[in-house]
Amino acid sequence: QVQLEESGGGSVQTGGSLRLSCAASGLTYSRYCMGWFRQVPGKEREGVGYIYTGGSGPYYADSVKGRFAISQDNAKNTLILQMNSLKPEDTAMYYCAASRARTSYGVGCREPDFIYWGQGTQVTVSS
């Protein structure tokens with residue numbers, strides 16, 4: 001059973017930083033997509049960025065390029081989202097997600113590929 005658990009959310013002022021972690025368990029395969037999404041109530045979920053653990057990425061949404069960085073701690077089965085230069089528009093619930101096993105990167109990691117989701121962690125950026 002795959003479980004994803006996010007941590008590290010909180011409240012910061014504009015320009016501040018936060019580091020989100022996603023602890024994964026039950027992922028018994030080595031090649032898969034793993035990423036971060038965010039959602040504001042009443043709006044569609046937005047992809048923040050992802051990696052393909054077989055050796056591609058990370059890839060980022062234009063809205064976070066240059067400010068956010070995704071990394072993976074393989075030893076701890078943890079995905080990290082380092083968020084710098086935060087803006088009020090980054091305020092959202094942030095979710096970690098993972099896909100089934102993927103033998104190749106292929107056409108990329110698309111949102112329907114992500115079938116395992118964490119419960120989310122709230123990030124609030126005040127002006």
Side-chain angles (χ1 to χ4, degrees):
Q1 181 181 0
V2 175
Q3 290 187 322
L4 304 174
E5 184 173 0
E6 303 94 338
S7 62
S11 297
V12 295
Q13 292 188 327
T14 297
S17 298
L18 282 173
R19 179 181 170 94
L20 305 185
S21 295
C22 174
S25 61
L27 289 168
T28 59
Y29 37 86
S30 60
R31 297 183 180 188
Y32 53 95
C33 301
M34 197 165 184
W36 291 95
F37 294 79
R38 64 187 183 185
Q39 191 167 23
V40 176
K43 293 189 177 181
E44 289 190 0
R45 186 165 56 200
E46 175 189 19
V48 174
Y50 68 87
I51 62 169
Y52 170 63
T53 64
S56 293
Y59 302 96
Y60 301 98
D62 288 343
S63 57
V64 305
K65 276 181 185 175
R67 301 187 298 121
F68 290 11
I70 290 174
S71 60
Q72 188 178 25
D73 183 337
N74 291 325
K76 298 181 180 180
N77 269 359
T78 300
L79 190 71
I80 304 295
L81 179 64
Q82 178 66 44
M83 304 186 295
N84 300 322
S85 302
L86 282 161
K87 305 175 182 180
E89 50 263 45
D90 295 318
T91 295
M93 185 71 79
Y94 283 71
Y95 298 92
C96 173
S99 72
R100 291 189 183 94
R102 288 273 295 267
T103 56
S104 68
Y105 181 60
V107 295
C109 301
R110 301 173 177 175
E111 187 165 339
D113 297 324
F114 293 89
I115 61 169
Y116 303 110
W117 294 83
Q119 294 298 307
T121 185
Q122 178 67 36
V123 171
T124 302
V125 185
S126 59
S127 57

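If you read the sequence from its start, that first residue is 1, and numbering goes on from there.
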Taking the side chain as everything from C-beta on, heavy atoms only, tell me whether Ile70 gets closer than 4.5 Å to Met34.
no
Run the side chain to side chain donor-acceptor pair (under 3.5 Å) test on Glu46 and Ser63 for me, step by step, so that the C-alpha distance in whole Å, both residues' side-chain angles and the decisive distance to 0.1 Å come before the verdict.
CA-CA 10 Å; Glu46 175 189 19; Ser63 57; 3.1 Å; yes
Can you tell me how far OG of Ser99 sits from OH of Tyr29, rounded to the nearest 0.5 angstrom?
6.0 Å
Taking C-beta and beyond as the side chain, do Met83 and Val48 meet within less than 4.5 Å on heavy atoms?
no
Short question: side chain of Thr91, backbone of Val125 - any donor-acceptor pair under 3.5 Å?
yes
Kindly give the heavy-atom pair with the smallest separation between Ser127 and Pro88, and that separation in Å.
CB-CG, 4.0 Å
Nearest-0.5 Å distance, CZ of residue Arg100 to OH of residue Tyr116
6.0 Å
Check the pair Asp62 / Lys65 against salt bridge (charged side-chain N to carboxylate O under 4.0 Å, His left out), numbers first and verdict last.
CA-CA 5 Å; Asp62 288 343; Lys65 276 181 185 175; 3.1 Å; yes
Hydrophobic cluster identity match, Leu27 and Leu20, side-chain contacts under 4.5 Å
yes
Between Ser21 and Ile80 the two heavy atoms that sit nearest each other are OG-CD1, 3.3 Å
How many angstroms lie between atom CG of Leu4 and atom OG1 of Thr78, to the nearest 0.5 angstrom?
10.5 Å
Between Leu18 and Tyr60, is there a shared hydrophobic cluster once you connect ILVMFWY residues whose side-chain heavy atoms come closer than 4.5 Å?
yes
Between Cys33 and Arg102, which heavy-atom pair has the shortest distance, and what is it?
SG-NH1, 3.5 Å
Quick check: do Gln82 and Ser71 have side-chain heavy atoms less than 4.5 Å from each other?
no
Should the heavy atoms of other residues, nucleotides or ligands under 6.0 Å from CD of Glu111 be counted, would the total exceed 12?
yes
Quick check on the hydrophobic clustering: are Tyr50 and Tyr94 connected, directly or via other members, by side-chain heavy-atom contacts under 4.5 Å?
no
dist Cys96:SG -> Glu5:CD (nearest 0.5 Å) comes out at 10.5 Å
Look at the side-chain heavy atoms of Ile, Leu, Val, Met, Phe, Trp and Tyr, link any pair under 4.5 Å apart, and say whether Tyr95 and Leu81 land in one connected group.
no
Do the side chains of Ile51 and Gln72 get nearer than 4.5 Å, heavy atoms only?
yes
Which residue in the set Trp36, Tyr52, Phe68, Tyr105 passes ring pair (Phe, Tyr, Trp, His ring centres under 6.0 Å) when paired with Tyr59?
Tyr105
Holding to side chain to side chain donor-acceptor pair (under 3.5 Å), I want the full list of residues that pass it with Ser126, two or more places apart in sequence or in another chain.
none
Is it true that, when you exclude Arg31 itself, more than 12 heavy atoms of the residues, nucleotides or ligands shown sit nearer than 6.0 Å to its CZ?
no
Rounded to the nearest 0.5 Å, what separates atom OG in Ser11 from atom CD in Gln122?
7.5 Å
Looking at Gln13, I'd like to know if its CD atom is crowded, meaning that more than 12 non-hydrogen atoms belonging to other residues, nucleotides or ligands lie closer than 6.0 Å.
no
Set of ring-ring contact (aromatic ring centres under 6.0 Å, His included) partners for Phe37, sequence neighbours left out
Phe114, Trp117
Ala92 versus Val40, closest heavy-atom pair with distance
CB-CG2, 3.8 Å
Rounded at 0.5 Å granularity, tell me how far OG1 in Thr28 sits from CD in Gln1.
12.5 Å
May I ask you to decide if Glu6's main-chain N or O and Gln119's side chain share a donor-acceptor pair within less than 3.5 Å?
no
Sub-3.5 Å donor-acceptor pair from the side chain of Thr53 to the main-chain atoms of Ser30, do we have one?
yes
Less than 4.5 Å apart, side chain to side chain, heavy atoms only: is that true for Arg38 and Val123?
no
